[in-house]
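Presented below is the structure to which this report refers.
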Protein chains: 2
Amino acid sequence: MQERPSISKATVDRLPRYYRCLRQLSDEGGDIVSSEELGRRLAINPEQIRKDLTAFGQFGKKGVGYYVAELKESIGGILGLDQHLSLAIVGMGHLGAALANYQGIARLGFRLAAIFDSNPVVIGTRVGERRVEDIAYLAEIIAERNIQIGVIAVPAAQAQIAADQLIAAGIRGIWNFAPVKLHVPPSIPFVSEDLSVGLSALSYYLAHRGGESDVLSEKN
Amino acid sequence: MQERPSISKATVDRLPRYYRCLRQLSDEGGDIVSSEELGRRLAINPEQIRKDLTAFGQFGKKGVGYYVAELKESIGGILGLDQHLSLAIVGMGHLGAALANYQGIARLGFRLAAIFDSNPVVIGTRVGERRVEDIAYLAEIIAERNIQIGVIAVPAAQAQIAADQLIAAGIRGIWNFAPVKLHVPPSIPFVSEDLSVGLSALSYYLAHRGGESDVLSEKN
DNA sequence: TAGATTGTTAATCGATTAACAATC
DNA sequence: TAGATTGTTAATCGATTAACAATC
């Protein structure tokens, strides 16, 4: 799966939205969809959608459109959702709990394989069907359960330590929720989420009304 | 506060990062900072930073740099953080609880003024120093407490209803966490957060290794 | 066949980066 | 003054949109 034209982040960020929309269409019993219809539902230009897709191959039929089920599978494959990667959440505070209960993880095909915390009060408690493990066993559990993605949900001050531990344990990627700049080797892809950006942007648009609106951080 | 050149979303999204970095510098006792240093800390081009800032005015001193405290205040003002807007969270599930306990809200100067839920078991319980209110009283409490921002943390199926209620109650902006496309009048700015985009993007980068990495959803 | 819709190339638009004059 | 660094204009780069030939 080598792509010649390097794919832009903007394109990669639109793929999950195509994927979700296709699943909805599939659930609604949709068989075929045009870039036109997809664009209407997502508020994205049809030519943008076609452009994004052709970066990965030819998925449609001229004069017809795209087969919903087929395209959904294809995009899922491009995103690697068919790998059913395993996640470990580090930090079982309110945020960790919210993530552990977040339906989206399973819906995208990921498996929540471990939850870690360092607080003795929390260790051993159950979250959903998982037991919170002592972070002291992080390395061995990550290895044992073949966990590929580490989710950092600890306070900012501990985030780098958690990242280092995860990397030492052989994690392949990091999904970071701590508001810090993580230092991570270039071989480890990571994505940081920062809610304060979204809230600040909303505040900005409220303070500067008169212009247009609904400028979405992550459009749906 | 009228800006002539319409500001790009990319610029607006960088402002909170400048703001946070300036606060850190301020905490560290920093007095003056150059775009060079700011750029190093944020992994952003210095010329990008200067460009972003000049869209709002002239904040620096040639040959010197920017006064940390002054620039922090200026950016805070541009973002509207000095308004100390009030928020209401609708939906006290795991996500709502995480948001209610999210330090970033207060740190940016916002006030969490109300929490709503429809579940009788949850209504009346305390979250931090707030009591969970019956959603039946949403309209009057929003008005009474002069709440400007509604935070939607209900399941996808109820998100549009919550949005409609908030808007009817006179809310000015919406911060949406439900993975649905909200229909909102153009006069109401809203920002949607969608975690599945970040996780999917991470998955994509894991599936397509060999290229570069650390492509951050929201850089820190 | 006629109509529809993709895949792809070309044109446009906007954002980032580079360069440099102004000036502290 | 010499050195540093901003503010701003120009050059570059990349992403989006438009156009259209290919073809189902």
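Worth knowing before you read on, the calculation uses all heavy atoms, side chains too, and leaves out hydrogens, waters and symmetry mates. Lettering of chains follows the sequences in order, A, B, ..., and the numbering in each one begins at 1. Bear in mind that the values here come from a model prediction, so they are computed numbers and not experimental data.
Between B/S8 and C/dG14, a side-chain N or O to OP1/OP2 separation shorter than 4.0 Å is absent. Between A/S35 and C/dT5 there is no side-chain N or O to OP1 or OP2 distance below 4.0 Å. Checking the phosphate oxygens (OP1, OP2) of D/dT16, no side-chain nitrogen or oxygen of A/N45 falls inside 4.0 Å. Within the structure, a side-chain polar atom (N or O) of A/Q58 is placed less than 4.0 Å from OP1 or OP2 of C/dT8. Not one side-chain nitrogen or oxygen of B/Y66 sits closer than 4.0 Å to the OP1 or OP2 atom of D/dA4.
For the pair A/E36 CD and D/dT17 C1', the interatomic distance rounds to 14 Å; values are reported in whole Å. Summarising the geometry, the separation between NZ on B/K61 and C1' on D/dT6 is reported as 11 Å, rounded to the nearest angstrom. Nucleotide D/dA19 holds its P atom 16 Å from the CD atom of A/Q48, rounded to whole Å. Whole-Å rounding puts the A/I32 CD1 to C/dA4 P distance at 15 Å. B/K9 has its NZ atom 12 Å from the P atom of C/dT16, to the nearest Å. Rounded to whole Å, the distance from CD1 on B/I44 to P on C/dT17 is 10 Å. Nucleotide D/dA4 holds its P atom 16 Å from the CD atom of B/E37, rounded to whole Å. Straight-line distance from the OH atom of B/Y67 to the C1' atom of D/dT5: 12 Å, rounded to whole Å.
If you find the closest nucleotide of DNA chain D to A/K62 and to A/A10, the one lying nearer the 5' end belongs to A/A10. Sequence order on DNA chain C of the closest nucleotides to A/K51 and A/G63 puts A/G63 first from the 5' end. Comparing A/D52 and B/L53 against DNA chain D, the residue whose closest nucleotide sits nearer the 5' end is B/L53.
The nearest pair of heavy atoms linking B/L199 to A/I105 is CD2-CG1, 4.1 Å. For the pair A/W175 and B/G198, the tightest heavy-atom approach, listed with the atom from each and the gap, is NE1-C, 4.1 Å.
Remark: D/dT23 base-pairs with C/dA4. Criterion, Watson-Crick or G-U wobble with two distances under 3.5 Å. For C/dA18, the paired base is D/dT9 (Watson-Crick or G-U wobble, both distances below 3.5 Å).
The A/R50 side chain lies nearest to C/dT6 when the options are C/dC24, C/dT6, D/dT8.
Nucleic acid contact class of B/T11 (heavy atoms, under 4.0 Å, all strands): none. Residue B/T54 is classed as a base contact, given a heavy-atom separation below 4.0 Å to a base. Within the nucleic acid shown, A/E47 comes within 4.0 Å of at least one base atom, counting heavy atoms only.
The existence of a salt bridge linking B/E47 and B/K51 is excluded, since no basic side-chain nitrogen approaches an acidic carboxylate oxygen closer than 4.0 Å. Contact check on A/E73 versus A/R23 returns no salt bridge, with no Lys/Arg side-chain nitrogen under 4.0 Å from an Asp/Glu carboxylate oxygen. Under 4.0 Å is where a charged nitrogen must lie from a carboxylate oxygen, and between A/D194 and B/R17 no such pair does.
Side-chain contact of A/R145 with A/S86: a donor-acceptor pair under 3.5 Å is absent, judged by distance alone.
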